[in-house]
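Some notes on the structure that comes next.
Position 1 is the first residue of the sequence, and the numbers go up from there.
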Amino acid sequence: MVKWNYQQAKENGMEAIQLGPLVLKKSYIVLLFSCLLAYLYISMYLRNKPDMLKTVENHLISGMLFWIVVFKFSIIIFRPSIIWTNPYGLLFFTGGTNGVYLATVGTILFLYWKLHRSDIHIITSTVIIVPSILIVIAGYFGILAIL
């Protein structure tokens, strides 16, 4: 049974949606929607080049996984003492805001590198990556401002 418990989560200071045992933060849902808008832009831009679109899609999936790994383990860079004091904390803690910035910059560089290795021109890569980043940022903050 799906249980929507948005009001209780909001009263507890956490804006989230509860689906049974699963709790989803509102900001994660908005970020996912913003990324889907950016993907829509990319697919519209490359609609006449299906081979290049498939290559870009594969690199975007690799980039998402790269972002998650860098974000998750960036705590090693910002708090290296956690390795000795609480090694299991690596499983539970993230890099926080600094980890988001590090993962984002690293992923952008990673995507440029992967697209360059796939023989996609640097101008095409820039026309794909820069507007996509702007769409994600504008969509995320715009939707959060409305909600």
Original post:
Which pairs count as side-chain hydrogen bond (donor to acceptor under 3.5 Å, both in side chains) when at least one residue sits in residues 58-67, sequence neighbours excluded?
Top reply: H59-S118, W67-T104
Let me have the donor-acceptor pairs involving side chains of residues 126-139, under 3.5 Å, with sequence neighbours excluded, atom names and distances please.
residue: T126; atom: OG1; partner: Y112; partner atom: OH; Å: 3.2
residue: T126; atom: OG1; partner: I122; partner atom: O; Å: 2.8
residue: S132; atom: OG; partner: I128; partner atom: O; Å: 2.5

**OP:** Calculate, to the nearest 0.5 Å, the distance between atoms CG and CD1 belonging to L115 and I120 respectively.
**Re:** 4.5 Å
Original post:
Is there a chain of hydrophobic side chains (I, L, V, M, F, W, Y, each step under 4.5 Å between heavy atoms) that links V56 to I108?
Top reply: yes
**OP:** Indicate, with yes or no, if L144 and L31 share a hydrophobic cluster defined by side-chain heavy-atom contacts under 4.5 Å among Ile, Leu, Val, Met, Phe, Trp and Tyr.
**Re:** yes
Original post:
Would L102 and F93 show up in the same hydrophobic cluster when neighbours are defined by side-chain heavy atoms closer than 4.5 Å?
Top reply: no
Subject >> Y140: partners by ring pair (Phe, Tyr, Trp, His ring centres under 6.0 Å), with sequence neighbours left out >> reply: none
**OP:** Scan residues 27-49 for pairs that pass side-chain hydrogen bond (donor to acceptor under 3.5 Å, both in side chains), counting only residues two or more places apart or in two chains.
**Re:** Y39-E57
Pairs of donor and acceptor atoms involving the side chains of residues 76-87, under 3.5 Å and at least two apart or interchain, shall be tabulated with distances.
residue: T85; atom: OG1; partner: S81; partner atom: O; Å: 2.9
residue: N86; atom: OD1; partner: G89; partner atom: N; Å: 3.3

Subject >> With sequence neighbours excluded, residues passing side-chain contact (heavy atoms from CB on, under 4.5 Å) with I146 >> reply: none
**OP:** Looking only at non-hydrogen atoms, find the nearest pair between G99 and S74 and report the distance.
**Re:** CA-OG, 3.2 Å
Original post:
For I68, which residues count as a side-chain contact (heavy atoms from CB on, under 4.5 Å) partner, sequence neighbours excluded?
Top reply: none
Original post:
For the atom pair OG1 (T55) and CG (L60), what is the distance rounded to the nearest 0.5 Å?
Top reply: 11.0 Å
**OP:** Taking all non-hydrogen atoms of both residues into account, name the closest pair between G63 and T107 and its distance.
**Re:** O-CG2, 3.5 Å
**OP:** Give, for atom CZ of F92 and atom CD1 of I75, the distance between the pair rounded to the nearest 0.5 Å.
**Re:** 12.0 Å
Original post:
Linking Ile, Leu, Val, Met, Phe, Trp and Tyr by side-chain heavy atoms under 4.5 Å, what else ends up with V105?
Top reply: L109
**OP:** May I ask whether I29 and L36 are part of the same hydrophobic cluster, defined by side-chain heavy atoms of I, L, V, M, F, W, Y residues being less than 4.5 angstrom apart, directly or through others?
**Re:** no
Original post:
Can L53 be reached from I123 by stepping across I, L, V, M, F, W or Y side chains whose heavy atoms are under 4.5 Å apart?
Top reply: yes
Original post:
Other than M44, what residues sit in its cluster of Ile, Leu, Val, Met, Phe, Trp and Tyr side chains whose heavy atoms are under 4.5 Å apart, directly or through others?
Top reply: L40
